[in-house]
Amino acid sequence: MMSYIPRSDFLHVMTTRGFIQDCTDLEALDQALLDGVVPGYIGFDCTADSLHVGSLIQIMMLRWLQKTGHKPIALMGGGTTKIGDPSGKDEARQLLTVEKINENMAGIRRVFETYLDFSDGPTGAVQPNNADWLDALNYVEFLRDYGRHFTINRMLSFDSVKLRLDREQPLTFLEFNYMLLQAYDFMELNRRHGVGLQMGGSDQWGNIVNGVDLTRRINGNQVFGLTTPLLTKADGSKMGKSAAGAVWLNADKLSPYEFWQFWRNTLDADVAKFLKLFTELPVEECDRLGSLAGAEINEAKIRLANEVTALAHGADAAAAAEATAREVFEKGGVGEDLPTVELPAGSISVVQLFVQAGLAKSGKDAKRLIAEGGAKLDDAPVTDAGLMVDLDAQIKLSAGKKRHALVRPA
RNA sequence: GGGGGGGUGGCAGAGCGGUCAAAUGCAACGGACUGUAACUCCGUCGGGGAAACCCUACACAGGUUCGAAUCCUGUCCCCCCCA
């Protein structure tokens with residue numbers, strides 16, 4: 001299947017940049033994309049008030065879809081989030097309140113606004129909420145009209161279900177229904193917006209195929225599914241953790257500087273891949289940068305960090321992050337963009353200083369850091385865990401070589 | 001409804017009356033090496049305290065013991081088999 005060389009701009013970009021894991025019918029989709037505007041959607045759970053790098057590949061895909069002349073649809077799972085997708089999870093997620101879901105939706109909207117163009121027009125992005133149609137469903141009617149198109153036999157064969165059963169983890173009937181609702185979403189979006197394509201991670205394959213089938217049966221329309229590979233780092237670990245935890249795309253959840261650092265610390269072997277997926281640099285340039293040898297690849301990582309940060313937070317934020325990073329790491333100095341905490345002026349213990357600055361999880365953790373020689377105050381190692389510090393000017397704190405923060409008297 | 005198994009630190013998974021803040025592995029963190037890599041190696045890894053030491057913890061609530069993650073009772077939850 002992948003030997004087929006697509007002619008449409010969108011699929012050309014997707015294949016050459018490594019976005020595609022699987023497609024229900026690559027050739028037919030290619031033709032549809034050539035024939036006219038294809039509205040395509042990706043569903044997002046509203047489990048948090050922001051999205052993180054785990055969703056970035058999907059976001060970039062929507063962005064490319066729009067850039068290549070089609071209509072991106074970021075579907076908010078306001079309805080399905082009430083249920084919880086069992087895919088790839090061992091346990092049912094805790095159910096969120098409707099208020100929390102709506103709040104999360106607003107935060108996610110802010111992410112999309114930086115990546116997509118929401119203006120009116122045939123290729124303007126839209127962000128519908130599936131609660132708009134799912135909430136109104138009548139149980140018995142739904143079962144009669146749609147339930148009959150799903151066999152338990154087939155549903156049990158899906159990985160998301162099998163995995164749970166094999167691992168002897170409970171799968172509730174509530175979650176079991178998730179896939180029906182997601183299939184219904186596709187059909188409904190096809191009906192409402194003429195949506196012809198659903199994209200998602202490879203873990204969504206089963207759900208997507210169900211939607212393709214249901215849309216064909218109910219609406220009589222051929223629609224397509226496209227999945228992205230599961231992203232892992234070259235060392236096999238999961239992508240998406242920074243020193244500060246999840247790598248959020250909203251600046252109020254993770255500062256642009258820390259976001260920049262996350263990309264700066266990409267593994268050598270991942271540089272080319274990440275450049276293709278997360279930046280819009282020409283493919284040849286991505287390959288060239290990724291193949292730089294030895295210490296030279298550091299410049300490629302800086303380029304990667306700059307490009308990705310510019311997309312998420314703007315070019316100015318990226319430049320500021322880079323300036324701070326160069327100041328801190330290359331000159332051992334201080335940069336404005338370092339995480340900063342304001343504390344009441346006066347006497348405070350070093351231990352508290354590290355805890356308050358977020359460089360230590362607890363006092364115990366801070367003491368450990370000091371005992372191990374990893375704690376520094378204005379670049380001077382802290383040797384006495386009982387040290388009292390007089391906070392009357394800005395102090396630079398360091399935990400190890402990479403984590404730095406500033407503390408200022410309020 | 002009946003029978004059996006089980007709930008331990010971020011996760012996985014030992015322990016089955018004291019020497020248990022709890023083996024081991026993974027993750028995480030610090031150090032050496034380096035390129036703010038990778039690999040490897042060393043160390044740390046419940047909370048408070050400068051420290052001696054103290055506190056909270058092995059689903060929850062009681063109980064037996066000088067002493068319980070380990071025994072007993074009740075409650076909740078999970079898994080498997082039968083009906």
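Just so you know, these numbers use all the heavy atoms, side chains as well, and skip hydrogens, waters and symmetry mates. Naming convention: chains lettered A, B, ... in sequence-line order (proteins, then strands); numbering from 1 in each chain.
Between B:rG31, B:rG30, B:rC45, one nucleotide has an atom nearer to the side chain of A:E372 than all others, and that is B:rG30. Nearest nucleotide to the A:L369 side chain, out of B:rG30, B:rU36, B:rA37: B:rG30. In the set B:rC29, B:rU36, B:rG49, B:rU36 carries the atom at the smallest distance from any side-chain atom of A:R264. When distances run from any side-chain atom of A:K402 to the nucleotides B:rA50, B:rU36, B:rC33, the shortest one goes to B:rU36. Picking from B:rG48, B:rG31, B:rG35 the nucleotide with the shortest atom distance to the side chain of A:K401 gives B:rG31. Nearest to the side-chain atoms of A:R403 among the listed nucleotides B:rA50, B:rC29, B:rA38 stands B:rC29.
Taking atom NZ of residue A:K233 and atom C1' of nucleotide B:rA27, one finds them 12 Å apart after rounding to whole Å. We find that CG of A:L359 is positioned 13 Å from C1' of B:rG30, with the value rounded to whole Å. Rounded to a whole Å, the CG atom of A:D365 is 11 Å from the P atom of B:rC29. As rounded to whole Å, 6 Å separates atom P of B:rG31 from atom NZ of A:K376. Rounded to a whole Å, the NZ atom of A:K361 is 6 Å from the C1' atom of B:rA28.
Here the separation of B:rA23 from B:rG15, taken at their P atoms, is 13 Å to the nearest Å. Nucleotides B:rU24 and B:rC79 place their C1' atoms 25 Å apart, quoted to the nearest Å. Taking atom C1' on both B:rG17 and B:rA12, the two are 27 Å apart, rounded to the nearest angstrom. When the C1' atom is compared between B:rC20 and B:rA68, the two are found 11 Å apart, to the nearest whole Å. For the P atoms, the distance from B:rC71 to B:rA32 is 47 Å, rounded to whole Å.
For the OP1/OP2 pair of B:rA37 and a distance below 4.0 Å, the side-chain nitrogens and oxygens of A:T266 include no atom meeting the criterion. Neither OP1 nor OP2 of B:rG49 sits under 4.0 Å from any side-chain N or O of A:R368.
A salt bridge (Lys or Arg N to Asp or Glu O under 4.0 Å) with A:R303 is found for exactly one of A:E322, A:E296, A:E285, namely A:E285.
Under the 30°/60° scheme for interplanar angles, the aromatic rings of A:F142 and A:Y146 are found to be tilted.
Residue A:G294 is classed as a base contact, given a heavy-atom separation below 4.0 Å to a base. Residue contacts for A:W260: at a heavy-atom cut-off of 4.0 Å it reaches a base atom on one of the strands shown. At a threshold of 4.0 angstrom between heavy atoms, the contacts of A:A371 with the nucleic acid are absent. A:I297 comes within 4.0 angstrom of a base, heavy atoms only. Across all strands shown, A:K301 has heavy atoms under 4.0 Å from base atoms, whether or not it also approaches the sugar-phosphate. Contacts of A:Q261 with the nucleic acid, taken as non-hydrogen atoms under 4.0 Å apart, include base atoms.
Note that A:R109 lies in the cation-pi zone of A:F118, set by a 6.0 Å cut-off to the ring centre and a 45° limit from the axis.
For A:F259 and A:W248, the ring centers sit 6.0 Å or farther from each other. Taking the six-membered ring where the residue is Trp, the centroids of A:H404 and A:F329 are separated by under 6.0 Å.
Taking both residues in full, the closest heavy atoms of A:L249 and A:H313 are given as O-CE1, 3.3 Å, listed atom of the first, atom of the second, then distance.
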